[in-house]
Structures are given as structure tokens and as C-alpha cells.
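Since the structure comes first, as C-alpha cells, the remarks are kept for the end.
Whatever order the structure lists them in is the order used to number ligands and atoms, beginning at 1. The chain is numbered in sequence order, starting from 1.
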Amino acid sequence: MLIVQKFGGTSVGDLDRIANVAKRVARTRDEGHDVIVVVSAMSGETNKLIEYAHFFSKTPQREAMDLLLSSGERVTSALLSIALNEMGYKAVAMTGRQAGIFTDKSYTSARIDRIDPAPMGNAIKEGRIVVVAGFQGIDPDGRVTTLGRGGSDLTAVAIAGAMGADLCEIYTDVDGVYTTDPRIEPKAKKMDQISYDEMLELASLGAKVLQNRSVELAKKMGVNLVTRSSFNDNPGTLITKEENIMEKPLVSGIALDKNQSRVSLKGVEDRPGIASEIFNALAEESVNVDMIVQTIGADGKTEIDFTVPQSEIERVKGVMERFRESIGEIEYKEDVAKVSIVGVGMKSHSGVAAKAFTTMAKENINIEMISTSEIKISMVIDEKYAELAVRALHEAYELDK
Ligand code: ADP
Ligand code: ASP
Ligand code: MG
């Protein structure tokens, strides 16, 4: 079999842990498999590099930023390769460029356009273990790009898809995917399996155990994806097609995203084209607008509220300056959280949303915004109640049972 194994930041967090990873990879090799390893930077490393850049600039030059950020993963891939060679295994470390990962030019959140299977394929034919630096690629101009936070998951899935791997294992610091973040709710239960769609919602809504784009790609390419712990041999969680899952729970999990800010535009001119102007201007600055709520206008004025990632709020403020004439008052609330309930079972059951609202009411938590889709309900609340809300919802939907 060809197996792709990805190790996250905590799993390669120090030299002893890298040695531990080397042993696990060697074991897989000893079982007779071909192995491509993808590594993250040591935990905290990417954040540290971002801080370094922010010492000089609030809005650092994006090409330079990607060159900087890609360095963390290079360190761990080289170290792991050195460790494996010392143990008597033939290993080769590759940067994104060397591994043939080609992306577009959207620095800091680049998309993978294609992967050249030759460099990794040839190394495997020579009997080598390939160790790829995650989270990075190369753009058409030959500049280094990075794939967005958590992007090593995407590297692993994309390689698994392109190389036709039989399995893609994402090794992390928890035993798999839980009903909610086990650090917030210790009663959270590990799931044996979950559908691509539910996992995609959970990941997109804040459950960072898997990067959302990696799940999307795994679904598209039919990659067999497993998340498991690098610290034990527990079986982990299989992410698979919905039809493979026999028992479909009404609600599968609760996700929390504390990295949200709310923008309220009050006294907006109520005329055709205004929303288009505002949101096009935001899109041009690559702001990721999430929830949008517009209230019914009165006296020629209306109110528009929307959420954006906290890290993009400075860009939003810059854009909004241009609309001083057509907007009465702009309010920024930087510390809001989005709590979401996800489950495919919602499609066929009513009352799921009502239960969420009742649970918030019982805890005296004010819901500031609501949005729903077929398989999720999201609520924006004050960040200080975020953990309380997650635990209350987890109990209300009996996810601990
Ligand atoms: P890695 O560095 O291995 O990529 P991450 O920190 O990105 O690991 O993701 C693992 C973390 O995701 C866990 O430590 C856990 O706190 C968090 N997490 C959030 N939601 C969930 C969930 N539903 N199930 C499991 N872990 C979750
Ligand atoms: N090191 C990168 C990050 O912290 C990518 C990753 O770990 O997946 O976001
Ligand atoms: Mg991660």
C-alpha cells in the first residue's frame, strides 16, 4: 500500500517527538508499505513567525510573508529525514517546490493547481521514504506560497489524491474527531466515523482538527481519510461517504469559532446596488465575509450586519472608510464567537433549531445573529459565553450519551 501520513505541530513539537514520529513512520515502512510523510512546523512556530513580521508591519508584504512562513515546515521535514536516515532508512526531505506542488498566486491562502507526481514517485521507486514540508507550494512565477492556516492537512490530502494513495492518515494530539472540542467539553465523545459533509461543516465552522479545504478535497477525490493520535495506537476516526454510515445521528457535533468579529452598518442608504458596492469592495481586499443579515429598512435607511475573521478587521476598517457618505454609523464588535450545531439528521427532523435557541435562553445568552443551512445552525454570541454555550448545547443534544 501507499500511505500518506501527516504529523501536526504538537506531534513534531520537540526533538523527542520528532524521534517518536520517525519510529512510527519506520514501523509503517517495516510493515511493507510505501510512505509519504507530510509534516507541519513545530507547534507555535508559525505563530511566532507571524509575530516577527508584525513587529515591522501591520500589513506585511504577502510574498515575503509566505517565504517566511514556509520555513517552519522545512525545518521539521529536514530533521525527520535526518532522523530516519540515522535509523537506517532511506529518506528524502522535499520542500513544496521540490515535491512538485504548484499553486496559484494567492499568497497566504494559495490553492493547489496541480501536483507533478514525478519527484515523489521517483523517490518511492528508489525505495525512499519521502518527507514533504507541508503547507506550501510554488506559484507560476516560481515564488513560494503557503496554503492558509492548518494547510499541511491540505498538502497531505492533495498528495494522497495525486499519488493515488490507499490511505491518508492525519496524526494529531487528540484521538480523532470528537462531538466537540475535547478541550472545551471533557465529556465529548470520539466518533468512529463521520461523513465528509458533516466534517466539512464542522471544520469550516471552527473545529480545527482538520482544515476545511482538506476535507473538501478528500471528498472530491475520494481520499480515504483517518484522523488519529500520534501518541497512542487508538484507531481514530474515519471520514467517509454518508452512505457508508449506518446510524445517522440527528446532531453529530458542536463547533466553536472564537476568531470572529461583527460589523454593524447602521443607517445605510436603502437603494438598489448598495450591498453590491460594499461587498464587492470587501471582496477586492480579500476579506472573507461570513454571515450577513440585513434588516427590513425604514425611512430610506436599512441596517446590515456581517461577520469577518478577527484577523481581517483592519482591512475591513480600511474599506469602510470609503463608504462614509452612504452609511450613517459603523460599529465594530471584535470579540464575538460563532457556535454551530452540525448534523445530517437535521434534514429530516424539525425542532433542532428551537432546542438550540431554548438552550441559549436558559443560560441567559443573547443570540446576536443566526444562520442555518440544511445540516447546520450557527449562532453569533458574545465571546465570553462561548465555552458555556458549547457545553450547554452538548448536553442539550445528549452528545455525551
Ligand atoms: P495539528 O497541530 O495536529 O494540526 P490542530 O491543533 O490543528 O492539530 O488540531 C487539533 C485540535 O483540534 C485538538 O487539540 C482539539 O483541541 C481541536 N478540536 C476542535 N474541535 C475538535 C473536535 N470536534 N474533535 C477533535 N478535536 C477538536
Ligand atoms: N504550520 C501551519 C499552521 O500553523 C500549517 C499547519 O500546521 O498545518 O497553520
Ligand atoms: Mg491542524
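Numbered from 1 in the order shown, with element, the atoms of ligand 1 that lie under 4.0 Å from a heavy atom of Asp173 read 10 (C), 11 (C), 13 (C), 14 (O). Close approach of ligand 1 to Val177 (heavy-atom distance below 4.0 Å) involves ligand atoms 24 (N). Near Tyr178, the atoms of ligand 1 lying under 4.0 angstrom from a non-hydrogen atom of the residue are 22 (C), 23 (N), 24 (N), 25 (C).
Side chains of Tyr171 and Glu169: a donor-acceptor N/O pair is present below 3.5 angstrom, by distance only. Between the side chains of Thr145 and Asp66, no donor N or O sits under 3.5 Å from an acceptor N or O. A donor-acceptor contact closer than 3.5 angstrom is absent between the side chains of Thr180 and Glu185. Asp173 and Thr10 form a side-chain donor-acceptor contact under 3.5 Å, judged by distance and modelled atom types alone. Judged purely by distance below 3.5 Å, without hydrogens or angles, the side chains of Thr28 and Gln5 pair a donor atom with an acceptor atom. Side chains of Arg128 and Asn85: a donor-acceptor N/O pair is absent below 3.5 angstrom, by distance only.
Residues forming a side-chain contact (heavy atoms from CB on, under 4.5 Å) with Thr359 (at least two apart in sequence, or on another chain): Lys355, Ala392, Leu393, Ala396. Annotation: salt bridge (Lys or Arg N to Asp or Glu O under 4.0 Å) contacts of Asp192 (sequence neighbours excluded): Lys190. Residues satisfying the ring pair (Phe, Tyr, Trp, His ring centres under 6.0 Å) criterion with Phe135, sequence neighbours excluded, are absent altogether.
No part of Asp153 comes within 4.0 Å of ligand 1, judged by heavy-atom distances. When non-hydrogen atoms are compared, ligand 1 lies under 4.0 Å from the backbone of Lys208 as well as from its side chain.
Protein residues lining ligand 2, listed by chain and number: Ser40, Thr46, Glu73, Phe135, Arg149, Gly150, Gly151, Ser152 [non-hydrogen atoms, distance under 4.0 Å].
Contact record, Arg322 with Glu285: NH2-OE2, 3.7 Å, taken as the closest heavy-atom pair. Residue Glu198 comes nearest to Gly343 through the heavy atom pair OE2-CA, 3.6 Å, listed as atom of the first residue, atom of the second, then distance. When all heavy atoms are compared, the tightest approach of Asp104 to Asp139 is O-CB, 3.5 Å.
Heavy-atom separations between Lys6 and ligand 1 include at least one value shorter than 4.0 Å. Ligand 1 lies out of reach of Leu202, whose nearest heavy atom is not under 4.0 Å from it. Heavy atoms of Pro182 come nearer than 4.0 angstrom to ligand 1 in at least one pair.
Counting only heavy atoms of the protein, atom 8 (O) of ligand 1 lies nearest to Thr172 OG1, 3.1 Å. In terms of protein heavy-atom proximity, atom 27 (C) of ligand 1 is closest to Val209 CB, 3.7 Å. For atom 14 (O) of ligand 1, the closest heavy atom belonging to the protein is Arg183 NH2, 2.5 Å. The protein heavy atom nearest to atom 21 (C) of ligand 1 is Asp181 CA, 3.7 Å.
Between Gly9 and ligand 1, at least one pair of N/O atoms sits closer than 3.5 Å.
Within the 3.5 Å criterion, the main-chain N or O of Glu303 finds a donor-acceptor partner in the side chain of Thr295.
Of the candidates Gly176, Gly8, Ser43, Gly176 brings a heavy atom nearest to atom 25 (C) of ligand 1.
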